[in-house]
> 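What follows is a structure written as structure tokens; I'll ask about it next.
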Amino acid sequence: MWRGYSVNDKAVNVLDQYDMSINRTFKGRGTIICDTNKGMCVLKEYKGRTEKLELLWQLQKRLGDSIKTDLLIRNKEGGLYVRDLDGSVYILEEQVEGRECSYRSEEDVVKAFDAMAKLHLKFMLPTVQSSQPADKTLYTMPIYFFADEMEKHTIECRHVRNYLRKLRSKTAFERALLKEYDYFLNKAIDVTNQAKEESKAEYEAYIHSNGLYSHGDYQYHNVLFGKNNAGAYTGIINLERFAHDTGARDFYLLFRKISEKCDWSMDMAARMVDAYQNRRVLPPIEWRSLCLLLAYPEKFWKIINFYYNSRKSWIPNRNYEKLEGLIRQEKNKEKLLQKLF
């Protein structure tokens with residue numbers, strides 16, 4: 001049922017497939033926010049594998065009331081996604097209201113790491129005992145071993161270096177990039193070799209046996225703080241990029257992002273580590289992977305990846321600024337890693 005507002009035909013076709021009355025809609029950040037008779041909901045296009053959604057729904061349900069999240073809503077047919085007139089896939093989720101976590105606020109960041117640990121303690125589906133029937137409908141997600149990812153990135157780094165060396169005419173950015181290249185490439189090779197010494201079979205067995213999953217995109221804009229009649233709460237949203245991996249994956253992403261924002265501050269780093277480990281201590285196998293992920297020069301790889309896959313005739317100033325920032329922060333990063341990790 002639609003009441004007194006305008007909306008495009010595509011949204012009408014999509015929302016009509018859900019059993020609810022829509023009062024009004026308005027645009028969000030890449031979404032359509034819907035005011036319904038069942039509360040506020042968020043409609044968004046979904047580009048991942050639809051087979052993963054049932055698994056995601058079960059993981060979301062495990063969070064219960066301990067963490068607020070944007071739970072998937074089933075359509076009239078009981079499915080977790082719908083298609084529009086063009087065949088694009090959409091999902092509808094319960095909206096979590098609140099303000100975004102600010103990377104400028106130490107209190108917010110500490111809360112975000114505490115919530116992350118809380119998520120990892122609940123966001124798992126342990127292996128079903130042999131005496132119980134397994135759920136054959138759940139999608140079996142692959143595990144992306146961190147050493148394999150590093151090796152792929154390092155191969156690309158070698159390839160781009162060879163490309164740069166062959167250029168007859170180089171821009172100022174390309175010359176600056178080539179000047180720092182050997183340092184970061186050698187580091188990438190060294191860390192990759194260390195990572196390959198870790199047992200892939202042991203890592204995969206550890207994840208499978210414990211049924212571990214991570215958010216996959218745990219950044220500060222996906223952590224919300226709000227209040228309701230029960231009091232203050234922390235919400236974690238946008239779980240669609242979840243991964244069959246350890247908590248170290250999420251920890252690494254947010255830790256690196258925040259550390260870059262505060263110039264790899266030792267005090268801030270210690271607070272982030274303590275905030276997480278006060279609730280969930282990272283097991284040795286996860287701690288080792290975290291150390292290797294932090295040691296790998298991923299930011300350098302991101303810079304060259306963006307450069308190599310974009311127009312070479314025009315290199316954004318932002319790319320040059322990122323390279324300068326990376327070089328400027330390298331000493332502080334090394335000191336922090338040596339002391340804490």
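These values consider heavy atoms only, across backbone and side chains, with no hydrogens, waters or symmetry-generated copies. All residue numbers in this chain count up from 1 along the given sequence.
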> Taking a hydrophobic cluster as the set of Ile, Leu, Val, Met, Phe, Trp and Tyr residues connected by side-chain heavy atoms closer than 4.5 Å, whether directly or through intermediates, do F123 and L253 fall within one such cluster?
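No; L253 is not reachable from F123 via cluster members.
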> Main chain of D35, side chain of R24: is a donor-acceptor contact present, judged purely on distance under 3.5 Å?
no
> Hydrogens and angles aside, do Y213 and D250 bring a side-chain donor and acceptor to less than 3.5 Å of each other?
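Distance-only check fails for Y213 and D250.
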> Start with the C-alpha gap between E180 and L326, add the side-chain angles, then the distance that decides, and say whether side-chain contact (heavy atoms from CB on, under 4.5 Å) holds.
CA-CA 10 Å; E180 307 297 334; L326 174 68; over 6 Å; no
> Are F146 and Y296 near enough that their ring centres are under 6.0 Å apart?
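Centroid separation for F146 and Y296: 6.0 Å or greater.
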> Report the distance from atom CZ of R256 to atom CD of Q219, rounding to the nearest 0.5 Å.
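If we round to the nearest 0.5 Å, R256:CZ and Q219:CD are 8.5 Å apart.
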> Determine yes or no for a side-chain-to-main-chain donor-acceptor pair under 3.5 angstrom, with N222 supplying the side chain and D217 the backbone.
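It does hold such a pair.
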> With sequence neighbours left out, what residues match A248 under side-chain contact (heavy atoms from CB on, under 4.5 Å)?
T246, E286, S289, L290
> Would you indicate whether the side-chain heavy atoms of Y18 and C34 approach each other to under 4.5 Å?
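In short, these two side chains do not touch, never coming nearer than 4.5 Å.
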> If you count heavy atoms of other groups shown closer than 6.0 angstrom to OH of Y183, is the number above 12?
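Result for OH/Y183: enclosed.
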> Do T25 and L15 make a side-chain contact, defined as non-hydrogen atoms from C-beta onward lying under 4.5 Å apart?
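Sidechains of L15 and T25: in contact.
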> Which atom pair, heavy atoms only, marks the closest approach of H120 to M124?
O-CE, 3.1 Å
> Treat each ILVMFWY residue as a node, draw an edge where side-chain heavy atoms are under 4.5 Å apart, and state whether I237 and L92 are in one component.
no
> Assess the residue pair D19 and K38 against the criterion (side-chain contact (heavy atoms from CB on, under 4.5 Å)); give the C-alpha distance rounded to whole Å, side-chain angles, the decisive distance to 0.1 Å, and a yes or no.
CA-CA 10 Å; D19 185 20; K38 296 183 179 179; 4.2 Å; yes
> Please determine whether salt bridge (charged side-chain N to carboxylate O under 4.0 Å, His left out) holds for the pair K152 and E156, giving the CA-CA distance in whole Å, both sets of side-chain angles, and the decisive distance to 0.1 Å.
CA-CA 6 Å; K152 180 180 176 182; E156 184 176 357; over 6 Å; no
> Check whether any side-chain N or O of K299 sits under 3.5 Å from a backbone N or O of K322 as a donor-acceptor pair, and report yes or no.
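No.
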> Taking N278 for the side chain and D274 for the main chain, is one N or O donor matched with an acceptor at less than 3.5 Å?
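Present.
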> Between the main-chain N or O of G226 and the side-chain N or O of E97, is there a donor-acceptor pair closer than 3.5 Å?
no
> Looking at side-chain heavy atoms only, is the closest gap between D245 and Y144 below 4.5 Å?
no
> Once you round to the nearest 0.5 Å, how far does NE2 of H153 lie from NZ of K302?
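That separation rounds to 7.5 Å.
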> Would you say Y46's side chain and R49's backbone share a donor-acceptor pair under 3.5 angstrom?
yes
> So, N332 side chain and S265 main chain: donor-acceptor pair closer than 3.5 Å or not?
no
> Does the Lys NZ or Arg CZ of K261 fall within the cation-pi geometry relative to Y103 - under 6.0 Å from the ring centre and within 45° of the axis?
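Output yes; distance and angle both within limits.
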> Distance only, no hydrogens: is a donor on one side chain within 3.5 Å (strictly under) of an acceptor on the other, for Y90 and Q17?
no
> Using atom types as modelled and distance alone, determine if a side-chain donor or acceptor of Y181 lies under 3.5 Å from a backbone N or O of C157.
yes
> Indicate the atoms forming the closest heavy-atom contact of K122 with S66, along with that distance.
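So the two residues come closest at CE-OG, 3.7 Å.
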> Side-chain contact, heavy-atom cut-off 4.5 Å: V89 with K47?
no
> With R279, which residues qualify under side-chain contact (heavy atoms from CB on, under 4.5 Å), at least two apart?
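Expected list: D114, A117, K118, L121.
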> Within a reach of under 6.0 Å around OH of Y233, are more than 12 heavy atoms found that belong to other residues, nucleotides or ligands?
yes
> Please report the C-alpha distance between L293 and M150 in whole Å, then the side-chain angles of each, then the deciding distance to 0.1 Å, and finally whether the side-chain contact (heavy atoms from CB on, under 4.5 Å) criterion is met.
CA-CA 9 Å; L293 286 166; M150 288 179 186; 4.0 Å; yes
> With a 4.5 Å heavy-atom cut-off, do I303 and F173 have their side chains touching?
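In contact.
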> Give, for atom CD of E202 and atom CZ of F145, the distance between the pair rounded to the nearest 0.5 Å.
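Result: 9.0 Å between the selected atoms.
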> If you group Ile, Leu, Val, Met, Phe, Trp and Tyr by side-chain heavy-atom gaps below 4.5 Å, do L340 and M272 land in one group?
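They do share one cluster, since a chain of ILVMFWY contacts under 4.5 Å joins L340 to M272.
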> Not counting sequence neighbours, which residues clear side-chain contact (heavy atoms from CB on, under 4.5 Å) with L337? List them please.
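side-chain contact (heavy atoms from CB on, under 4.5 Å) list for L337, sorted by chain: L294, K333, F341.
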> Would K257 count as a cation-pi partner of Y220, with NZ or CZ less than 6.0 Å from the six-membered ring centre and within 45° of the ring normal?
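Negative - K257 is either too far from the ring of Y220 or too far off its axis.
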> Would you check if the side chain of D70 reaches a backbone N or O of E93 as a donor-acceptor pair within less than 3.5 Å?
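Side chain of D70 to backbone of E93, a donor-acceptor pair under 3.5 Å: no, none is there.
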> Between A115 and T234, what is the shortest heavy-atom contact and its length?
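What the structure gives for the nearest pair is CB-CG2, 3.7 Å.
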> What distance separates I73 CD1 from M20 CE, expressed to the nearest 0.5 Å?
4.5 Å
> Using the ring centroid of each side chain, check whether F255 and Y276 are separated by less than 6.0 Å.
no
> Take L224 and E100 through the side-chain contact (heavy atoms from CB on, under 4.5 Å) test and state the conclusion after the steps.
CA-CA 5 Å; L224 305 178; E100 287 187 3; 3.8 Å; yes
> Between H244 (side chain) and L212 (backbone), is there a donor-acceptor pair under 3.5 Å?
yes
> Within this structure, what is the OG1-CG distance for the pair T69 and L56, rounded to the nearest 0.5 Å?
8.0 Å
> Report the C-alpha separation of E54 and R74 in whole Å, then their side-chain angles, then the decisive distance to 0.1 Å, and conclude whether the salt bridge (charged side-chain N to carboxylate O under 4.0 Å, His left out) test is met.
CA-CA 10 Å; E54 190 67 40; R74 294 188 180 276; 2.8 Å; yes
> Look up atom OG1 in T31 and atom CG in L43, then write down how far apart they are to the nearest 0.5 Å.
8.0 Å
> Under a 4.5 Å side-chain heavy-atom rule over Ile, Leu, Val, Met, Phe, Trp and Tyr, are I189 and I155 clustered together?
no
> How close do D108 and S102 get, heavy atom to heavy atom, and via which atoms?
OD2-N, 3.1 Å
> Does atom CZ of R62 have more than 12 heavy-atom neighbours, drawn from other residues, nucleotides or ligands, at distances under 6.0 Å?
yes
> So do K331 and E334 actually touch side chain to side chain, heavy atoms under 4.5 Å?
no
> When you compare the side chain of L125 with that of L55, does any pair of heavy atoms fall below 4.5 Å?
yes
> Please find the pair of heavy atoms, one from I33 and one from G28, that lie closest to each other, and give the distance.
CD1-CA, 4.0 Å
> Would you please indicate yes or no on a ring centroid separation below 6.0 angstrom for Y218 and F251?
no
> Answer whether the closest heavy-atom distance between the side chains of L80 and I91 falls below 4.5 Å.
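No, side chains not in contact.
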> If we count only N and O atoms by modelled type, under 3.5 Å, do the side chains of N193 and E197 hold a donor and an acceptor together?
no
> Please tell me whether F225 and F113 are part of a single hydrophobic cluster in this structure, the criterion being side-chain heavy atoms less than 4.5 Å apart.
yes
> Please say whether more than 12 non-hydrogen atoms of neighbouring residues, nucleotides or ligands are located less than 6.0 Å from CD in E107.
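No.
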> Among R158, K187, R161, which residue satisfies the salt bridge (charged side-chain N to carboxylate O under 4.0 Å, His left out) criterion with D182?
R161
> Decide if atom NZ of K61 counts as having more than 12 heavy atoms of other residues, nucleotides or ligands within a radius under 6.0 Å.
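Open: at most 12 neighbouring heavy atoms sit under 6.0 Å from NZ of K61.
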